[in-house]
Amino acid sequence: MATDPDLFSAITPEPQPSEVALALRAQLNHWAHQYYVLDEPTVPDAEYDRVFRELQALEAAHPDLVTPDSPTQRVIGAVMEGLAPVRHTVPMLSIHTETDTEATGAQAFDARVRRELGLADADPAIEYVAEPKFDGLAMSLRYENGRLVQAATRGDGEVGEDVTHNIRTIRQIPLTLPSGVPPLLEVRGEVYMRRADFDALNERQREQGGKTFVNPRNAAAGAVRQLDSNITAQRPLSFFAYGLGAITPPAEGGPVFRTHYEMLQTLKSWGFPVATQVQIAVDATELVAFHQQVGASRDALPYDIDGVVYKVNSLQLQRDLGFKTREPRWAVAHKYPAQEMATKIEGIDVQVGRTGKITPVARLAPVFVGGVTVTNATLHNLFEIRKKGVRVGDTVIVRRAGDVIPEVVGVMPGNRTGYVPNFQMPTACPVCGSAVVREKGEANHRCTGGLFCAAQRKEAILHFAARRAMDIEGLGDKLVDQLVDANVIRTLPDLYRLGLTSLIALERMAEKSAQNVLAALEKSKQTTLPRFLFGLGLRHVGEATAKDLAKHFGTLDAIMDASVEQLLEVNDVGPVVAQSLHTFFAQPHNREVVEQLRACGVTWPEGPVAERAPQILAGKTVVLTGTLPTLSREAAKDMLEAAGAKVAGSVSKKTSYVVAGAEAGSKLAKAEELGVPVLDEAGMLALLSGAGAGAGA
Ligand code: IVH
């Protein structure tokens, strides 16, 4: 039976443009939620862009179909003449802050809540919700019939500012909500900037010669209060929901929340970002644990927090507890030590680093920041000082987060009284008196003293001895300090001239440790060309470049004699590296150091690449275990890898060889159990020279 075409088209009519627009918006909103809120993109960007353009075209053809909440409208910014005041229907409160820096702040809060509720010790524990205290700015989002109609800052808590035009540009904030939400809904939360977004923004500002921001909170606050939302749209903002303002339940009986946690989960299901760290705590001890756990992972979070917030979970108990002045009795903020504080710069010193970099350092009036008392903070270089406009006597903001070196992030305006001269870089190195220079295109000044400069000497020796360089075990910074300060070591070759007597003469150096150091030095003499090159600490020559150079030239002499043009032929070596290498080896005193090291017995396999390292172990897996008699673990690994072997950490049936030294343990046993061939150091060297037994398993 044939289908009646008229009947068919009556069943599936051509969709109306308005319906298409609706469908496209729903699709785009769905994808945007997955991308921005859940962080789980489900379609390629190009597909999103294609549908986005389709909607744009449709709206261009039917301007009457454009709605303010269309995804296309986020990017078309409105420009305001000023920010209009908004009176909050439900005031935006602040939270009482527990000043106690101890973890027990939670217990004090719990005790207060129980007392205010008239509970006895025997009564059951109170359930709480623990949340991070986001370091951004509070925002109230008003939705009417599921559409965002207004966004307002907190202001004084009663009256804020209308920033709707800017908040629309934040992709994490839904412009429309699913059907069935309360007809009036005010969602409260924090607008903030993720650290990575903040860094990228500052990088961009720097490139474009714009002003940089002191911290993510300031950047976010500035972005939110722009009059021109096109500017806000270029500042990557994020949002976390943490509460409600005004709400009217839908007439047909919609959500009536019982607990704070339930409310947050519902907000999440409506498309709002809620922090994953939010947790229920069944009693105060769990709050204490939360405070510690979040505190420990604070620096690893992708955004700044300045504490945690504890809230009574039951909304009924929240109502029972009520408010005191302008703070709820059912919530408390428990802060962490501030990571930024203001203090005064008493002077500016300079420090000389390993590569000769001269770093200006601010001497500060002592300030407690990031949990410790700080008296020095880096100013990075002269450009940063000029850019931030820092002068001695200024009150500045100092930041110390985690183990990162404290830094001066900016000047507090309006604190300077009278004229203070601009800081100038010294023209002579404060450590050795050599000339201080700044290369073209470089922000940093450096000392030209090289190994002659004691500051660089210590660092140069430490770098030479490092595990990834010559791997001299036991030669750490304390010992190097002693050796250089006592003038026992002035140049790298002096290391190999050390004797037992001069070592034992050092304070706190027992004969046994001295012997260990000498043994480690002896062992380090057998090395590889990349390690040696890397160990010399040449500017711009990291491990990878050292490997490339060794591979390309085969011998050290070839590298030392190479012209800039020849150096440029090496993989990844650009003009800066080539010039720096060439200059280094053109200095007679540097060649002298190399010659003396060789004379002391430092040696490595040399020769054209192909000859030196035929890939005789290609496809083989080797496991190293125990202590080898002459080679360090690192050196043995390098040699094996140079011959094409893969060096693995554990023994399996697929292991080709196990190379075992003294005190080999379970790996050796496992090899024997699986029948994997076991070699000693001599056996390994024989294998590498091509004289070893045939391939193993
Ligand atoms: S709840 C009635 N929860 O802290 C309690 N506030 O003084 C209302 N804040 O500027 C606030 N993270 O923006 C709450 N998880 C969180 C928060 C939080 C940050 C901010 C808030 C306000 C201040 C409260």
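In listed order, ligands and their atoms are each counted from 1.
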With a 4.0 Å cut-off on N to O distance, would you call E384 and K387 a salt bridge? yes

Determine whether any heavy atom of P132 lies closer than 4.0 Å to an atom of ligand 1. yes

Please check whether L93 reaches ligand 1 - meaning an N/O of the residue sits under 3.5 Å from an N/O of the ligand, judged on distance alone. no

When you measure from atom 21 (C) of ligand 1 to each heavy atom in Y242, Y192, Y310, W330, which option holds the nearest one? Y242

Sub-3.5 Å N/O-N/O distance, E131 and ligand 1: yes

Distance-only N or O hit between ligand 1 and S94, under 3.5 Å: no

Are the side chain of Y336 and the backbone of H291 linked by a donor-acceptor contact shorter than 3.5 Å? yes

Could you identify the single nearest non-hydrogen protein atom to atom 12 (N) of ligand 1 and state the distance to 0.1 Å? F134 N, 3.1 Å

Exactly one of V113, I95, V312 clears side chain to side chain contact (heavy atoms under 4.5 Å, CB included) with W330, and that residue is V312

So, D320 versus Q316: side-chain donor-acceptor pair below 3.5 Å or not? yes

Looking at ligand 1, does any of its N/O atoms fall within less than 3.5 Å of an N/O of R154? no

Electrostatic pair K324:E327 at N-O distance under 4.0 angstrom: no

Does a side-chain N-to-carboxylate-O contact under 4.0 Å join E340 and R399? yes

Is the closest heavy atom of K311 to ligand 1 under 4.0 Å? yes

Quick test: of every protein heavy atom, which one is nearest to atom 24 (C) of ligand 1, and how far off is it to 0.1 Å? I95 CG1, 3.2 Å

When you measure from atom 20 (C) of ligand 1 to every protein heavy atom, which one gives the shortest distance, and what is it? E190 OE1, 3.6 Å

Has P328 got any heavy atom lying under 4.0 angstrom from an atom of ligand 1? yes

Strictly by modelled atom types, are Y310 and D110 linked by a side-chain donor-acceptor pair under 3.5 Å? no

Return the residue, atom name and 0.1 Å-rounded distance of the protein heavy atom closest to atom 23 (C) of ligand 1. K133 NZ, 3.9 Å

Going by the rule side-chain hydrogen bond (donor to acceptor under 3.5 Å, both in side chains), which residues pair with R188 if we only count those two or more places apart in sequence or in a different chain? S140, E186

Min over A138, G307, G136, P91 of heavy-atom distance to atom 10 (O) of ligand 1 lands on A138

Measuring centre to centre across the rings, with the benzene-like ring taken for any Trp, is Y303 within less than 6.0 Å of F240? yes

